[in-house]
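Following: one structure in structure tokens, then a few remarks.
Below, each value reflects all heavy atoms present in this structure, side chains not excepted, and no hydrogens, waters or symmetry copies. Just so it is clear: chains get the letters A, B, ... in the order the sequence lines come, proteins before strands, and each one is counted from 1.
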Protein chains: 2
Amino acid sequence: MPRKTGLNRETIVEAAVELVNREGVGALTLHRLAAHVGVRPPSLYNHIHGMPGLLRELALFNARQLAEQMGRAVIGQSGAPALEKLANVYRAYIKANPGLYWISLSAPQPEDDIELIEAQQDIIQIALLVIESLGYQGEQALHIVRGLQSLVHGFTTLENLGGFGLELDCEVSFQYIVSTFIRGISH
Amino acid sequence: MPRKTGLNRETIVEAAVELVNREGVGALTLHRLAAHVGVRPPSLYNHIHGMPGLLRELALFNARQLAEQMGRAVIGQSGAPALEKLANVYRAYIKANPGLYWISLSAPQPEDDIELIEAQQDIIQIALLVIESLGYQGEQALHIVRGLQSLVHGFTTLENLGGFGLELDCEVSFQYIVSTFIRGISH
DNA sequence: GTAATATAACTAATAAGATTAGCTTTGTCA
DNA sequence: TGACAAAGCTAATCTTATTAGTTATATTAC
């Protein structure tokens, strides 16, 4: 069919992930991305719907990868240790994928994007199951999910941005904060 | 001096704040900003150092305004109520300035930008004083500051991005989460 | 009061990026 | 073997940021 076979959406998305994690959000241009996969910029449009489409693909990739890693982390675990494990996996994921995670936050979020919403709900669902294994249910369980997600997301993005001074070990802070929150809900 | 007098850095920054809060981060271009203040784009360079300089000014404005509002909120208050008040003011600020807050996170953070670092430390300092009024000191107090900032920053940015489903009232979640965290540290 | 100066506006031009239109090549299949 | 569709390409357009060089005018010095 084409002059060179082998290019597809998956390859493009993976190259974009690599680029944005290695060189930062500002480095993600279609020009550079095209060079990375060996084509000219307009050729990318045969596989993705321009820059907005690429951002959407990245957000989807991000949500699915995060859900997958979280799900795998708590297999066969329950209770407070499982919750701490989830928090640590979430943070490790963001630290390993700083550019991807950040750009996913800025991506468009159309309400009819079923795939993306499903992947995001998977993330919540995994946390919810763990929290229910601790004995919480209904709205309270949902509040706790939101709290833990806010805590980990907030801490790690501030940490990545250098928003904390350098004095105090972030690792220690994180463990302290997570256990403080979990202690708060156990009351 | 010029053909029209009256334009200065402060006016430009205020117009940028207005623009970015009203129309979102993507709407902040020098072209549109220049139109808002009634000049051509190159004229802005007489007052700000291009787009990077503008982002830095916005980050500084953001940090100072947030510090000022936080400081004012806890005058004459102490203890757990003061801490909850701080959390609520921080969240209210982000909700009132979504574009400004978000773009400030993306702004460059040179380590020698004393003014910006000072303003950011003011924010931490205010929270620290309140936490010390609760009887915590040293590293533990710093962990608590990081935790509370992460919680509020994380919750509100996720809330603004629509990251939570619509089912459950965010106001209720927020109060629950903040009091849960505070309960955790009181133990 | 007038001339010199510095400031801040301007126009014009350049470069990078996203995107579209339209052309070309080539694998697949009838 | 020839038609077709997919996927690459070049060329062109539009937006944005930025720089260079010019012009107009408020202030200041005389």
Side-chain angles (χ1 to χ4, degrees), chain A residues 1-60 99-100 102-104 106-110, chain B residues 1-60 99-100 102-104 106-110:
Chain A
M1 307 172 181
R3 309 194 186 172
K4 296 172 188 173
T5 318
L7 185 57
N8 52 35
R9 186 166 57 188
E10 193 182 354
T11 305
I12 292 173
V13 171
E14 283 171 4
V17 168
E18 214 271 321
L19 181 59
V20 81
N21 278 337
R22 182 158 46 83
E23 303 189 29
V25 171
L28 184 64
T29 69
L30 294 184
H31 188 83
R32 297 193 65 172
L33 180 55
H36 270 268
V37 298
V39 298
R40 297 310 186 92
S43 303
L44 297 174
Y45 286 76
N46 289 317
H47 305 281
I48 55 165
H49 299 319
M51 184 59 88
L54 176 61
L55 294 179
R56 186 264 178 187
E57 294 297 330
L58 288 175
L60 183 59
L100 174 61
W102 189 256
I103 217 164
S104 297
S106 319
Q109 294 255 5
Chain B
M1 308 174 182
R3 309 194 186 173
K4 296 173 187 173
T5 318
L7 185 56
N8 54 35
R9 187 166 58 188
E10 193 182 353
T11 305
I12 293 173
V13 171
E14 283 171 5
V17 168
E18 213 271 321
L19 182 59
V20 81
N21 279 337
R22 182 158 46 84
E23 303 190 27
V25 172
L28 184 64
T29 70
L30 295 185
H31 189 83
R32 297 192 64 171
L33 180 55
H36 270 268
V37 297
V39 298
R40 298 309 187 93
S43 303
L44 297 174
Y45 286 76
N46 289 317
H47 306 281
I48 55 164
H49 300 319
M51 184 58 89
L54 176 62
L55 294 179
R56 187 265 177 187
E57 294 297 331
L58 288 175
L60 183 59
L100 174 61
W102 188 256
I103 217 163
S104 297
S106 320
Q109 294 256 3

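- The CG-P distance, from B:Leu44 to C:dT7, rounds to 19 Å in whole Å.
- For the pair A:Ile48 CD1 and D:dA6 P, the computed distance is 18 Å after rounding to whole Å.
- A:Leu54 places its CG atom 15 Å from the P atom of C:dG17, with the value rounded to the nearest Å.
- The side chain of B:Ser43 places an N or O atom within less than 4.0 Å of a non-bridging phosphate oxygen (OP1 or OP2) of C:dC10.
- B:Arg9 places its CZ atom 16 Å from the C1' atom of C:dT7, with the value rounded to the nearest Å.
- In this structure A:Glu10 satisfies the side chain to side chain contact (heavy atoms under 4.5 Å, CB included) test together with A:Asn8, A:Glu14, sequence neighbours excluded.
- Nucleotide C:dT20 holds its C1' atom 9 Å from the OH atom of A:Tyr45, rounded to whole Å.
- Atom CZ in A:Arg40 sits roughly 16 Å away from atom C1' in C:dT25 (whole-Å rounding).
- The NE2 atom of A:His47 sits 12.5 Å away from atom CD of A:Glu57, with the distance rounded to the nearest 0.5 Å.
- Residues A:Arg56 and A:His49 have side chains not in contact (no heavy-atom distance under 4.5 Å, counting atoms from C-beta outward).
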Sort me out a list of protein N/O and nucleotides 14-16 of chain D N/O pairs below 3.5 Å, or just none if empty.
none

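- The interatomic distance linking A:Asn46 (CG) with D:dG8 (P) rounds to 6 Å, in whole Å.
- For the OP1/OP2 pair of C:dA9 and a distance below 4.0 Å, the side-chain nitrogens and oxygens of B:His47 include at least one atom meeting the criterion.
- Of the listed nucleotides (D:dG8, D:dA11, C:dA9), D:dG8 has the atom at the smallest distance from the side chain of A:Leu7.
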